[in-house]
Structures are given as structure tokens and as C-alpha cells.
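The structure appears below as C-alpha cells.
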Amino acid sequence: MKLIQELFANAVIDEKMRNELQAEIGKTGKPEEELILEKKIVSEISLFELKSKVSGVPLKNVKAEDVSSDVLELMPEEAAVNYKMMPIAKTGNSLQIGMVYPENISAQNALRFLANQENFTYQVYLITPGILVNLLKQRRNISAETKKALEALNKEKGTDVFGKKLSTESIAEDAPIIKMVLVILRHAIEGNASDIHIEPGREKLNVRFRLNGILHPSLFLPLNVHPAIVARIKILSGLKIDENRLPQDGRFSIKINNGDVDFRVSTFPALYGEKVEIRVLDPSTGKRSFEDLGLEGRNLEVVKAAIKKPYGMILFTGPTGSGKTTTQYAILRILNQDSVNIVTVEDPIEYSISGINQSQVKTEIGYTFAHGLRQILRQDPNIIMIGEIRDEETANLVVNAALTGHIVLSTLHTNSSVGVVPRLMDMGVRPFLIPSTLKIIISQRLIRVLCSRCKIKIRPSEKVKNYITGKVKSMPAHAKSGVEIPDPFYIYEAKGCEICGFTGYSGRAGLFEVLSMSDELAELIQKNPLESLIYKAAQKQGMLTMEQEGILKVLRGQTTIEEVARATTEER
């Protein structure tokens, strides 16, 4: 444990921390580098500079895009992954090998074996885990991998790949097509994409990934592979292969990079063939905490207080893709105890949660939200989640369920939290029932979070400065009392680096507007429930709008003013 000892000797950690780290390594068997980085004691580059000094192995800082695919493919991928090493340069018959753990005996033996087998000499350099990840991504370049699969398909079947004698189903089961689909799915996972769009055009097949809420072109393929790719996805999803006139929905699960990943599939007949949309259902998304979602300050306190109450409605509002379902699951995870019965009716079921009874709407056979809710009430539930309030019948059933002692979570489509009350009344809910059943309304949007590695500090223009200071002044007292705007003050903007895929952003967080029911609001709802009056009363009791919360995130350096404007332009 030389690195831990060095950190202690250099006073980076104290004796207590040293002993704790050594004890954890003894218990878990983790490499000390992994544990130090996991605890965020020092940065990756600082740690490996120290390791280079201790081990005497020179540290190599290499950009993945500067290493040719020919060099990267000189070592089998399995060896690269298992032994954490990759070729990074070649001169004649000599290779430079980057290793994360050059001291690993098994890795040294494997490298000697490969050198003897392939007849090359080598020199070892130290590389960081981050560099290794980027090198592996470069090796698995989506264009290069799909090109190889296309070449294999053409070689296997000849130039007339999709001749009349071959059925689409048989081609979909060919190894090159199977690999092509797997490559697309794997790259979506590794790139943290939330959606995959496979779109046939007039001349080519376009594959796009949605990253941090924004669609990006990722791959162009020959149009003649489209039927086989769609057929392969349909086979995985259990859909009808010969039905291309009607939309179909399905889902499947496969193992990628040693983990099981679920995908939700939707096919749609378009002008040049079936369009396929694949939603990546990352299980970790359904397990995020409130803090991970971006809930903080007063909003967090109000939500935590509301879910402790024994009954009442918790309503969510926001457009499709604003993270409502993820927030609902975060609340359900807290409420999910052995002593309660939780039943949901969803469309679709995004994530499977152990201990919760989840049901899927099937409108084609008459199983709607309203029908499901009537049945739920016969299942002795404590907590109910209804995917969406779409009609008058569902709205009244939800209110009655909350009145009879149930906690009810559901969503409603309005632009902001203050629009929920008038919307419920439009759907036939009597005004005097709303204050006694409705506990909180959570309206939300998603914004991209700045990449911590490459974001740039700038001085805002006079126009932006005035906009920010104006919004801070309009905030409730509890929020603006903790905000200091120095002169001059700084904000951050996106730049882009290899870590964030040159987008300048890494991940997303929520902007929340949490409206809590109060006596003043209850009185207002029964007398004059106009949105403007509800908004004024909500601000008076301390509610932050999504725009105001976005400004606070800008001042903390979490996001940009452009992101806040993009997410909140439709608000009020």
C-alpha cells in the first residue's frame, strides 16, 4: 500500500484515514488506486503522477484520438479489459504499452505471452484509468465497428445482400447484423445516451443518440441494411416481424459490459420505412436520491415533509422527458417499506422496483388508468401511483382515493405548478375537495450540468448581469438572503473536452418548482382560483419558480444562463 503511505507521509491524509483505507482494502481487496479515487482524496492525474514517482514507470498522457485503430487492435480487447492495458504507439516491431497496473504479475505474464506469440518487443508506460477508458472507446469506434460488420455481411452473402431468395428474418439472425445492433446498443450505453433513434431516409439510414436531452447524429448506414436491423430489434422485443403498417411497442433486456440493461422499443411507420425509437432504461436512474436529482434547500424540505403525511395527493407536472417519472420513483423508494402495500398503474412501466406491485395500462383491451385505479382500490393499498390523470373520471377517482386515506402520486400536463389547480377544476374536480386532498405540486424541467473539468469562468455581459440581479431581487426572502452578488461577479460557460464528448456538459439535473398547500391557498382556491393570484400567494409563502432556481444554479457554477433560458422559456 505504497500510495496510501505516500499520501500519509505528505500529510494529504491523516493517520485515521490511512488506517481506514488500509482496513477497507484488506476487507474488499480493491486496488488502492481505485479506493483513493473513489473517496476523491486526490485527482486522478495527481495520484498517477505520485504512482509514477513511486514505481519509476514513466507516466504517459495520451489522447485517444491520436492513437490509430491499427495500433489499438494489436491487442485483443479481452486482454485489454482484463489486464487494464492498451498499445498506444508502434515503431517498427516495437510497441509502447500503456498500463494502469504495471506491477500486476498476471498482466506482466499476459503481456510477455502476447509479445512472444505476436513477435514484438515493448516498453511499458503508466496510464490513468480515464485514459484507458477513452482508448477502449476509441477502439470500439461505432463507425469502424459497423463498417467491419457491413464488410462481413457483404462477404458472407455476396453483393446482393438482400436478394429475393433470402428472407429478412434469416438475415436478421446473421452474425454481422446481430453484431451491428449490439454495437449500436453498446455505444448508446457507453455514451450515456437516453434514447436511440433509427430513422430511414431517402438515401441512407440515420442513427441518432439523445445525450443530455439533445439529439446528436451518430452513424449513417446504407439503406439496404434497414429491414434487417429493424427485424433484429423486433426479434429481441418479441414484436411481429411481418407487421410494418402499424406502430408496435415492446421491450427487451440484454447483457452489455457485464451488466443487464433494459430497452423499451417503439416502431412507427414512416415515409421511407419503419422508424425505431429505443429508450435506454438504465436501472441506476430509477435509484437516484433527491440530492442526485437536484432537489435542494426549501424544495427538498417541503417534499420530505409531504411524503411523511399519511394521505393526500402529490402531483407532478411538466412536459414529456422532464424527469417526472424519475422523481416519482425516488419518492416511492423512500415510501417502499414492508409495512405498506404500494400499487401502481403505469404507461409504460419504466423501471422494475422490488416490493412494488406494478401494472401496465393496455388501452387496446380497455384497461385504462381509470379502470386500473378502480381495481387498485380493491387491493388494499396504502400508496398508489397513477401514471397520468388524462380525463375527468381518473381525476375524480384520484381525489376520492386521497380522501379515503391513501397517498396518491400522479402526473398532470400543465406548464407550471400553479396551473394544476385550474386544470383539476376544468376536469370536474370540485374546488372544496382540492385543499383537503392536494399536499404538494412538483413542476420540473431538466437542464444540462456543466462539465466540471472544462467549464470556463467568465464575466457576464451587462444585459445578463441585469437579468440575474433582477431575478435575485424578485426571489422570496429565504432564497435571496443567502445570495451574495459581488462586483464584479462571474458565471461559467461551456467549453468542451474529451471527458464530456466536447459538448461542455456532463449529465443533467432538475429545475423544480414546489407548491405546498397552505391555509391561504386553500381559501384562495375556493374564492378566486386564478393562476396569477395563486402564483402571488405561492411566492409569498416562499416558492421558488424554476427560472429563479435556475439562476441560483448559474450562480453556483452548475449550469449556464443559456440552459436555464432554454428550459424555462415556456414558463408563465
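The figures that follow rest on heavy atoms only: side chains count, while hydrogens, waters and symmetry mates do not. Computed from a prediction, not measured in an experiment: that's the story for all the values here.
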Test side chain to side chain contact (heavy atoms under 4.5 Å, CB included) on Lys60 and Ile88; report intermediate values, then the result. CA-CA 9 Å; Lys60 195 87 166 179; Ile88 53 178; 3.8 Å; yes
Test side chain to side chain contact (heavy atoms under 4.5 Å, CB included) on Val514 and Leu300 and set out the steps. CA-CA 9 Å; Val514 181; Leu300 181 59; over 6 Å; no
Please test Lys234 against Glu274 for salt bridge (Lys or Arg N to Asp or Glu O under 4.0 Å), starting from the C-alpha separation and ending with a verdict. CA-CA 11 Å; Lys234 284 182 174 181; Glu274 284 182 284; 2.8 Å; yes
List the steps, then state whether side chain to side chain contact (heavy atoms under 4.5 Å, CB included) holds for Asn19 with Glu15. CA-CA 6 Å; Asn19 295 338; Glu15 188 175 1; 3.8 Å; yes
Decide salt bridge (Lys or Arg N to Asp or Glu O under 4.0 Å) for Lys471 and Glu547; before the verdict, give the C-alpha distance in whole Å, the side-chain angles of both, and the deciding distance to 0.1 Å. CA-CA 8 Å; Lys471 291 298 174 186; Glu547 187 178 26; 3.2 Å; yes
For Phe316 and Thr325, what are the C-alpha separation, side-chain angles and deciding distance, and is it a side chain to side chain contact (heavy atoms under 4.5 Å, CB included)? CA-CA 9 Å; Phe316 299 79; Thr325 303; over 6 Å; no
Taking it one step at a time, do Glu32 and Lys2 satisfy salt bridge (Lys or Arg N to Asp or Glu O under 4.0 Å)? CA-CA 9 Å; Glu32 59 179 335; Lys2 292 180 180 178; over 6 Å; no
Please evaluate residues Glu296 and Lys553 with respect to the criterion salt bridge (Lys or Arg N to Asp or Glu O under 4.0 Å), reporting the C-alpha separation (whole Å), side-chain torsions for both, the decisive distance (0.1 Å), and the verdict. CA-CA 11 Å; Glu296 53 196 1; Lys553 282 180 164 60; 3.1 Å; yes
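With hydrogens and angles ignored, the 3.5 Å screen pairs no side-chain donor or acceptor of Lys51 with any backbone N or O of Leu126. Side-chain atoms of Glu33 do not come within 3.5 Å of backbone N or O of Leu47 as any donor-acceptor pair. A side-chain donor-acceptor contact under 3.5 Å links Asn104 to the backbone of Ser106. Not a single donor-acceptor pair under 3.5 Å links the side chain of Gln96 to the backbone N or O of Lys90. The backbone N or O of Leu332 sits nowhere less than 3.5 Å from a side-chain atom of Asn336 that would complete a donor-acceptor pair. Looking only at distances, no side-chain donor or acceptor of Lys457 sits under 3.5 Å from a matching main-chain atom of Ile491. Judged purely by atom type and a 3.5 angstrom limit, Asn116 uses its side chain to pair as donor or acceptor with the backbone of Arg112. Checked by atom type and distance alone, the side chain of Lys84 pairs as donor or acceptor with a backbone atom of Val81 at under 3.5 Å. Between the side chain of Ser266 and the backbone N or O of Asp249 there is no donor-acceptor pair closer than 3.5 Å. Counting only distance, with no hydrogens or angles, the side chain of Gln358 and the backbone of Ile353 share a donor-acceptor pair below 3.5 Å.
Tyr492 carries Lys455 over the face of its six-membered ring, with the cationic atom under 6.0 Å from the centre and within 45° of the normal.
Interatomic distance, OG1 of Thr560 versus CD of Glu562, reported as 4.5 Å (0.5 Å rounding). Expressed to the nearest 0.5 Å, how far NE2 of His197 lies from CZ of Arg208 amounts to 6.5 Å. Annotation: the span from Gln328 atom CD to Glu346 atom CD amounts to 8.0 Å, rounded to 0.5 Å. To the nearest 0.5 Å, atoms CG (Leu293) and OG1 (Thr327) are separated by 5.0 Å. Taking CG of Leu185 as the reference point, atom CD1 of Ile233 lies at 7.0 Å (rounded to 0.5 Å). Interatomic distance, Leu182 CG to His187 NE2, rounded to the nearest 0.5 Å: 9.5 Å.
Taking all atoms of both residues into account, the shortest heavy-atom contact from Gly496 to Cys454 is N-SG, 3.3 Å. In terms of heavy-atom proximity, Phe489 sits nearest to Leu555 at CE1-CD2, 4.1 Å. Minimum interatomic distance between Leu223 and Gly201 (heavy atoms only, all atoms of both residues): CD2-O, 3.5 Å. Ser194 approaches Arg508 most closely through the heavy-atom pair OG-NH2, 4.4 Å. Considering every non-hydrogen atom in both Ser443 and Arg445, the closest pair reads OG-NH1, 3.9 Å. Between Leu446 and Gly321, the closest heavy-atom pair is CD1-O, 3.5 Å.
Evaluated for a side-chain contact (heavy atoms from CB on, under 4.5 Å) with Lys39, the options Glu34, Glu24, Met17 yield exactly one hit, Glu24. When each of Lys275, Glu277, Lys204 is paired with Glu199, the side-chain contact (heavy atoms from CB on, under 4.5 Å) condition holds for Lys275 and for no other.
Side chains of Glu513 and Gln548 form no contact here, defined as non-hydrogen atoms less than 4.5 Å apart. Leu281 has its side chain within reach of Arg251: a pair of non-hydrogen atoms, C-beta onward, lies under 4.5 Å apart. Ile4 has its side chain out of reach of Phe8: every pair of non-hydrogen atoms, C-beta onward, lies at least 4.5 Å apart. Taking 4.5 Å as the limit, some side-chain heavy atom of Met86 sits within range of a side-chain heavy atom of Leu132. When side chains are defined from C-beta on, Tyr505 does not count as touching Val449, because their heavy atoms never get closer than 4.5 Å. When side chains are defined from C-beta on, Glu563 does not count as touching Val554, because their heavy atoms never get closer than 4.5 Å. Contact check for Ile97 versus Met75: side-chain heavy atoms found under the 4.5 Å cut-off. Residues Ser52 and Val57 have side chains not in contact (no heavy-atom distance under 4.5 Å, counting atoms from C-beta outward).
Other residues, nucleotides and ligands contribute only 12 or fewer heavy atoms inside 6.0 Å of the CD atom of Glu78. The environment of CD in Glu291 is crowded: more than 12 heavy-atom neighbours from other residues, nucleotides or ligands sit within 6.0 Å.
Looking at Asp260 and Ser253, their side chains never bring a donor and an acceptor atom within 3.5 Å of each other. Of the N and O atoms on the side chains of Ser94 and Thr91, not one donor lies less than 3.5 Å from an acceptor on the other residue.
In this structure, Phe252 and Phe263 have parallel ring planes: the angle between them is below the 30° cut-off, well short of the 60° mark.
A salt bridge does not link Glu6 with Lys53: every distance from a Lys NZ or Arg NE/NH1/NH2 to an Asp or Glu carboxylate oxygen is 4.0 Å or more. In this structure, Glu190 pairs ionically with Arg186, as a charged nitrogen and a carboxylate oxygen lie closer than 4.0 Å.
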